Undergrad: 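Sending over a structure as C-alpha cells; questions will come in a sec.
Lettering follows sequence order; numbering is per chain, from 1. Only a predicted model underlies this, so the values are computations on that prediction, with no experimental measurement involved.
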Number of protein chains: 2
Amino acid sequence: MLSFTEENYLKTIYHLSDSGAKAVLTNEIAEAIQTKPASVTDMVKKLAIKNLIAYEKYYGVKITRQGKTEALTIIRKHRLWETFLVEKLGFNWGEVHDVAEQLEHIQSPLLIEKLDEFLGFPSADPHGHPIPDKNGKFKVARQIPLAEAIGKKAIVRAVKNSSPSFLDYLSKIGVYIGASLHVLAKMDFDASLEIQIDGKKKVYISKEASENILVTE
Amino acid sequence: MLSFTEENYLKTIYHLSDSGAKAVLTNEIAEAIQTKPASVTDMVKKLAIKNLIAYEKYYGVKITRQGKTEALTIIRKHRLWETFLVEKLGFNWGEVHDVAEQLEHIQSPLLIEKLDEFLGFPSADPHGHPIPDKNGKFKVARQIPLAEAIGKKAIVRAVKNSSPSFLDYLSKIGVYIGASLHVLAKMDFDASLEIQIDGKKKVYISKEASENILVTE
DNA sequence: TAAAAAGTTTAGATTACCCTAAAAAAATAA
DNA sequence: TTATTTTTTTAGGGTAATCTAAACTTTTTA
C-alpha cells in the first residue's frame, strides 16, 4: 500500500509525463510538488524499488505500467470526488480542488464504486476532465472544433493551425493544451464565442480562432 | 492545526472520559489506540502543551474545554460521514466505521457544513449516536424505556433496576451502556422484543427487561 | 508496612519524510 | 574542447511518531 506522500508523487509524475514520452526530470517534479530536488531524488528511489517508475540517475524518471495503474486510480478518485462536491454539495467549480486533493487518498475500493454509482457513472469531472473507469480506461472522446461546443465544457487538446502567431495569440489570452473551457455564448453577428477559462477569466474568441482549437467534451 | 495522529488521540481520550469524571489512564489510551504505553506518554505531553488536555505524571489525563471542542468537531465529522455512507451510498450499518475513521480527518469546514445540509441536518448517525452541531452541542434526547422504542434505533443510556442479577443478564446477552439497539419487532403474545445489538447479534428480551433499559432515540 | 506486582515514564533507536550544503555529472557557451 | 553554468545526487541532519528495555512510581498483597 502506498503512503499519502507516495501517492502524491506518483500522481504528479503521471501528469508530468502525460504530454510527451520523454523522461520526467527531478527539477520538474520538485517544482510541481513544491519541494526540493534532493527530496525528490530520495522519493524517486523509493518508487523505483516498488516498480512504479523507472529511474535512471541524472536522466530522469518514466512511469511504469504498474505505476500508471496506481496513478489512474488516484485520478479516478479525485475526479469522482470533485464531481460529488459540485453536483451534490453545490460547491463552485473553483473551490473543489483542495478538498478533492485530500479525499483522493481515502482507501476504500467499495466507497469509490458506490460513489461512482451514486453519481450516475459520470465520464467527466466538472472541469471536463475524463474520469477513468475502475480498470483505468477512459472513454476516448472525439476531438471537435471549439466552435461546435456551444454551451458546453471542453478540454483543449490540440490546434489545427499551429502558426507561431496563432499560438502566441492563444497564450496571450490564456488558452493552453489541457485548459478547461466553458463556452458561455455565441455572438450572433460575427460568430465569436464568449468563453471562460478554467472557471476564471472570461474572454472573447473570433470565429477563425474557434475553428482552429480542437477540444474534447 | 492538529495532525491526523493528534486527532485520533484526542478523540479517543474524549470517548474514554465520557463515562465518569475520573482521569484517563495511560494504559487505557494505549489499549484503545492499539499502541504502547510509552508512545502514549509522548503524545500526551504534546497534547498537554497545546492545552487540549491536562496531564499529571503517573496520575492520568483530563480533557480541557478546548480539547473537548476539538474532539466534538471530529466526532461531528465522523457521524455525518457515517450518515452519508448509509443514507446516500447504501452502505450497511456495520461497514461504515473504517471508512468514516478516514473521512473524519478531512480538513474543510465548508465541506462539513455543506454535507450537513445535504443530509438534512440529521441529529443522529445510523447507529443512533447523536451528531453535535457546529458549536459542539447535541440535542439532549429524553430517556425512554426500550419498550417504547418499537421499530426504532436507540442507544442504551441507563438501567432502572440495577440489581446484580439484571446487570449480569444484560452483559450475558451483550447489552451495555452505549450499545446501539435496533428494536426489530414486538411479540404479540408476551410483549417481548426482538432486538439487534450494534448491527450484529439478534436477541429476544422480555417485557420486564425492556421496561428497565433506558434509551435515547 | 515491607515486598511484590502493576503501571508509567525515560532513554535510546528506528522509520518516513524533508532539509541544507557540498560534490558530481551533464549541458551550454566561449 | 575547455570552461562555466545548470542540474542532480550524496552526505549529514532535523522532526514526528513509533518501539524496546530499563528505571521509576504507585498500588496491591502478604
Undergrad: Between B:K11 and B:E101, is there a side-chain N and carboxylate O pair less than 4.0 Å apart?
TA: yes

Undergrad: Measuring to OP1 and OP2 of C:dT9, would you say a side-chain N or O of B:T41 lies under 4.0 angstrom away?
TA: yes

Undergrad: Calculate the interatomic distance between B:Q34 atom CD and D:dC19 atom P; express it in whole Å.
TA: 10 Å

Undergrad: With distance as the sole test, does B:E82 use its side chain to make a donor-acceptor pair with the main-chain N or O of B:A100 at under 3.5 Å?
TA: no

Undergrad: What is the distance from OH of B:Y59 to C1' of D:dT25, rounded to the nearest Å?
TA: 16 Å

Undergrad: Strictly below 4.0 Å: does B:T26 bring a side-chain N or O up to OP1 or OP2 of C:dG7?
TA: no

Undergrad: Do the side-chain N or O atoms of B:Y55 get closer than 4.0 angstrom to the phosphate oxygens (OP1, OP2) of C:dT8?
TA: no

Undergrad: Would you mind classifying the nucleic acid contact of A:F4 as base, sugar-phosphate or nothing, using non-hydrogen atoms under 4.0 angstrom?
TA: nothing

Undergrad: So, is B:Y58 close to the C:dA6 phosphate, meaning a side-chain N or O under 4.0 Å from OP1 or OP2?
TA: no

Undergrad: What is the distance, rounded to the nearest whole Å, between atom CG of A:L25 and atom P of C:dA25?
TA: 18 Å

Undergrad: Calculate the interatomic distance between B:I29 atom CD1 and C:dT8 atom P; express it in whole Å.
TA: 9 Å

Undergrad: Does any N or O in the side chain of A:K201 come within less than 3.5 Å of the main-chain N or O of A:I173, such that one atom is a donor and the other an acceptor?
TA: yes

Undergrad: Taking only the side-chain heavy atoms of A:A38 (C-beta and beyond), determine which of C:dA21, C:dC18, C:dT9 contains the nearest atom.
TA: C:dA21

Undergrad: Does a side-chain N or O of B:N27 approach OP1 or OP2 of C:dT8 to a distance below 4.0 Å, or not?
TA: yes

Undergrad: For the pair B:V61 and B:Y9, evaluate side chain to side chain contact (heavy atoms under 4.5 Å, CB included) and give the outcome as yes or no after the intermediate values.
TA: CA-CA 12 Å; B:V61 132; B:Y9 271 88; over 6 Å; no

Undergrad: Using a cut-off of strictly less than 4.0 Å, decide whether A:T35 has a side-chain nitrogen or oxygen near OP1 or OP2 of C:dC18.
TA: no

Undergrad: Are A:F4 and B:F4 close enough that their ring centres sit under 6.0 Å apart?
TA: no

Undergrad: When the distance from CD of A:E31 to P of D:dT6 is rounded to whole Å, what number comes out?
TA: 16 Å

Undergrad: Quick one: is A:T5 getting a side-chain N or O under 4.0 Å of the C:dA16 phosphate, OP1 or OP2?
TA: no

Undergrad: Any side-chain N or O of B:K57 less than 4.0 Å from the OP1 or OP2 oxygen of D:dT26?
TA: no

Undergrad: In whole Å, I'd like the distance from the CD atom of A:E56 to the P atom of D:dT9.
TA: 11 Å

Undergrad: Does B:K45 place a side-chain N or O at less than 4.0 Å from the phosphate oxygens OP1/OP2 of C:dT10?
TA: yes

Undergrad: Just the rounded figure in Å: distance from P of C:dC19 to CD1 of A:I33.
TA: 11 Å

Undergrad: Please report the distance, rounded to the nearest Å, between CG in A:D42 and C1' in D:dT10.
TA: 9 Å

